[in-house]
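A short worksheet on the structure shown next.
For the numbers below, each heavy atom of this structure counts, side chains included, while hydrogens, waters and symmetry mates do not.
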Amino acid sequence: MTEPIITVRDLHTSYGHRKILKGITLDIYPRETFVILGRSGCGKSTLLRHLVGLNKPDKGQILIKGIDMVTASEEEQNALLRKMGLLFQNGALFNSMTVGENVALPLMEHTPQESSTIRIMTRLKLGLVGLSGFENFMPSQLSGGMKKRAALARAITMDPDILLCDEPSAGLDPIVAAGIDQLILKLKTALRMTIVVVTHEMASVFMIADRICLLHDGEIKFLGTQAEMRQSKDPYVLQFIERRADDENLDPDQYLQDLMAE
Amino acid sequence: MTLRKTAGHSGRKLVLFFVHAARMSSLALQSLSWIFLAPFRGKPIRWGATFVQMVRIGVESVPIVSVISFCVGLIIAMQAAYQLERFGATIYVADLVGVSMCRELGPLITAIIIAGRSGSAIAAEIGTMKVSEELDALQTMALNPIGFLVAPRMIAMMVVVPCLTVIADFVGIAGGFVLAISNLKIAFIAYFNQTAEALLAKDFITGLVKSFFFAIIIAQVGAYQGFNVQGGAEGVGRSTTTSVVVSIFMVILADLMFTMLFYSTL
Ligand SMILES: Nc1ncnc2c1ncn2[C@@H]1O[C@H](COP(=O)(O)OP(=O)(O)OP(=O)(O)O)[C@@H](O)[C@H]1O
Ligand SMILES: [Mg+2]
């Protein structure tokens with residue numbers, strides 16, 4: 001097989017004394033769509049932040065295109081980052097700029113193009129996410145789902161090699177969510193992007209994923225293709241696929257103790 | 001026990017003070033390098049954003065700076081006249097107002113107004129961007145928050161605060177004029193000549209030099225407090241308040257140092 005484009009080796013990380021990731025090792029190959037699953041608060045967003053060098057690991061290695069993100073110089077990091085796009089979970093649009101300026105910003109700062117070219121490219125990207133005609137709106141004038149899509153447009157303005165999406169379809173109606181799935185497939189086939197998606201929508205997982213990774217307790221519980229996931233006998237994986245709630249804890253003494261604990 | 005607690009507490013405070021001082025100096029060095037070195041390495045200054053900041057910090061502050069300096073000029077003239085009347089030397093009101101405005105009060109008043117008005121705004125803007133992950137977003141776009149946000153604001157401050165100080169000097173002197181002409185019955189031309197004679201170029205220039213450094217302090221403290229925001233909206237509020245208190249404190253300290261320097265040498 002080809003060289004992996006993203007390599008994570010034994011990644012450990014913590015916030016204060018709380019350990020979040022405890023030894024993540026995975027390879028992501030060029031032009032695959034890699035889905036990260038896991039319960040809320042298990043560290044998916046944290047993992048994405050490490051991939052772009054926003055957080056520094058306690059231990060472990062992160063290689064992007066063979067370059068260590070942790071020890072790379074600022075120039076090397078920036079060169080990599082220009083070819084990466086990250087869609088933040090909350091969008092993280094610049095609130096002081098219009099939607100159009102948000103999407104155009106990376107182009108304006110990194111490419112010597114004419115402003116008319118940049119305007120066309122901005123409209124193109126906004127069109128892709130179904131926001132044509134909104135370039136003069138401020139982020140505060142958009143709905144939650146529209147912000148998400150505007151942020152996605154911003155993440156793909158530079159036509160990145162690697163696109164990282166943190167819950168791209170959370171908070172979207174089923175039609176638009178399906179549209180985002182289609183867009184991800186299109187980006188993968190037409191623009192040959194490597195795409196890492198964090199999502200909770202199992203329907204969308206089975207639509208887009210080449211490989212799936214399930215995080216649990218800071219470790220990888222499962223890593224494999226869709227078919228492998230469907231055949232898995234692991235109770236936790238099954239619980240995830242079947243959308244089953246945790247069995248309720250029926251020990252009344254324990255429950256009472258938890259409530260009364262100092 | 002309490003003694004040890006107190007010692008531990010103040011020890012921690014002291015360490016924290018040095019940590020802040022070190023981090024702030026590092027931010028200042030980085031900002032200066034983004035302003036003076038980065039343009040030669042193909043990372044141009046964002047003049048558009050700088051201009052917007054100049055308008056916001058400078059042009060929009062002209063009315064408030066003028067009104068306050070005018071009042072201060074009046075106040076000094078009245079206080080000076082109160083003393084000088086006893087010697088029948090009210091003409092020296094012109095000297096007192098002119099020299100104290102240019103050497104001290106013009107720069108200081110401007111700095112305090114700008115710290116409250118614009119230093120706090122810098123802290124709040126950057127702090128809000130930190131809370132909403134906009135700073136992280138900048139970084140993932142390979143844009144450095146210091147080059148992108150701090151440099152334009154700092155350049156704007158360094159240009160605009162000395163300009164405002166000049167305005168404050170003149171308006172303050174005009175305040176003295178008004179009192180002298182209306183209350184002290186001094187002829188316009190006599191007061192004018194007296195002021196012109198009393199004021200030396202160095203009075204004016206030392207004031208401007210000070211105000212340039214005040215500008216750097218205000219911009220740096222605002223930016224530092226912004227980057228330092230922890231938590232959410234209430235963190236932004238806390239940092240904004242702190243930025244005003246700290247920058248006024250540091251401005252006064254710097255003023256003291258400059259005055260000692262100028263007093264002993266010039
Ligand atoms: N800035 C922070 N400071 C301290 N703890 C944090 C911080 N950010 C996240 N955490 C903790 O790290 C853990 C993982 O957070 P993360 O945002 O990565 O979760 P997630 O898997 O993305 O969850 P979700 O699906 O709800 O978005 C959480 O338990 C959270 O409490
Ligand atoms: Mg998350």
Side-chain angles (χ1 to χ4, degrees), chain A residues 16 45-46 48-56 64 69 72-97 101-112 115 139-140 147 150-152 154-158 160 162-166, chain B residues 26-27 29-31 33-34 37-53 55-57 118 121-153 156 226-227 229-233 236:
Chain A
S45 303
T46 307
L48 288 193
R49 290 175 65 87
H50 279 87
L51 293 184
V52 292
L54 281 175
N55 290 17
K56 297 281 170 247
I64 309 282
M69 218 34 185
S73 70
E74 204 179 321
E75 267 77 45
E76 281 176 315
Q77 268 198 19
N78 284 345
L80 286 176
L81 286 172
R82 274 176 215 192
K83 280 292 172 191
M84 293 172 85
L86 171 58
L87 165 62
F88 283 80
Q89 189 166 3
N90 69 5
L93 290 172
F94 301 116
N95 285 309
S96 58
M97 301 180 191
E101 285 166 348
N102 262 286
V103 177
L105 183 70
L107 289 172
M108 306 255 274
E109 296 294 324
H110 293 311
T111 58
S115 59
S140 57
K147 277 184 203 162
L152 179 58
R154 185 179 70 182
I156 58 175
T157 26
M158 294 284 284
I162 303 173
L163 176 65
L164 312 169
C165 297
D166 202 342
Chain B
S26 143
L27 176 67
L29 285 180
Q30 287 181 60
S31 314
S33 105
W34 273 97
L37 299 181
F40 300 105
R41 299 199 201 117
K43 289 173 187 157
I45 287 166
R46 301 174 63 238
W47 289 113
T50 309
F51 184 74
V52 170
Q53 291 299 326
V55 172
R56 207 180 286 167
I57 300 170
S118 309
I122 292 176
E125 278 165 13
I126 294 181
T128 311
M129 290 183 76
K130 174 162 183 194
V131 170
S132 57
E133 291 187 302
E134 290 174 48
L135 294 184
D136 294 336
L138 271 182
Q139 236 164 320
T140 61
M141 291 177 191
L143 296 173
N144 185 305
I146 298 176
F148 192 84
L149 297 170
V150 181
R153 285 165 174 75
F227 285 126
V229 165
Q230 305 281 334
V236 176

- Under the salt bridge (Lys or Arg N to Asp or Glu O under 4.0 Å) test, residues paired with A:Arg49 that sit two or more places apart: B:Glu133, B:Asp136
- Item | Choice from A:Val52, A:Leu54, A:Leu164, A:Asn95 maximising heavy atom contacts with chain B below 4.5 Å | A:Leu54
- Kindly indicate whether the side chain of A:Glu109, heavy atoms from C-beta on, has any atom under 4.5 Å from the side chain of B:Met141. no
- Under 4.5 Å heavy-atom distance to chain B, tell me which part of A:Phe94 shows up: side chain, backbone, both or neither. both
- Query: Heavy-atom distance under 4.5 Å to chain B: side chain of A:Met97, backbone, both or neither?
  - Reply: side chain
- Task: Please report the C-alpha distance between B:Glu134 and B:Ser132 in whole Å, then the side-chain angles of each, then the deciding distance to 0.1 Å, and finally whether the side chain to side chain donor-acceptor pair (under 3.5 Å) criterion is met.
- Result: CA-CA 5 Å; B:Glu134 290 174 48; B:Ser132 57; 2.8 Å; yes
- Task: Would you mind reporting whether A:Leu48 and A:Leu51 have side-chain heavy atoms less than 4.5 Å apart?
- Result: yes
- Applying a strict 4.5 Å limit to non-hydrogen atoms, the region of B:Leu135 in contact with chain A is neither
- Item | Most contacts with chain A, counted as non-hydrogen pairs under 4.5 angstrom, among B:Lys43, B:Arg46, B:Glu125, B:Met129 | B:Arg46
- Item | Top contributor to chain B contacts, counting heavy-atom pairs under 4.5 Å, from A:Met84, A:Arg154, A:Gln77 | A:Arg154
Mind listing the side-chain donor-acceptor pairs of residues 144-152 of chain B below 3.5 Å, one per line with the distance, residues two or more places apart or on another chain?
unit_1, atom_1, unit_2, atom_2, d
B:Asn144, OD1, B:Ile146, N, 2.6
B:Asn144, OD1, B:Gly147, N, 3.4
B:Asn144, ND2, A:Glu74, OE2, 3.3

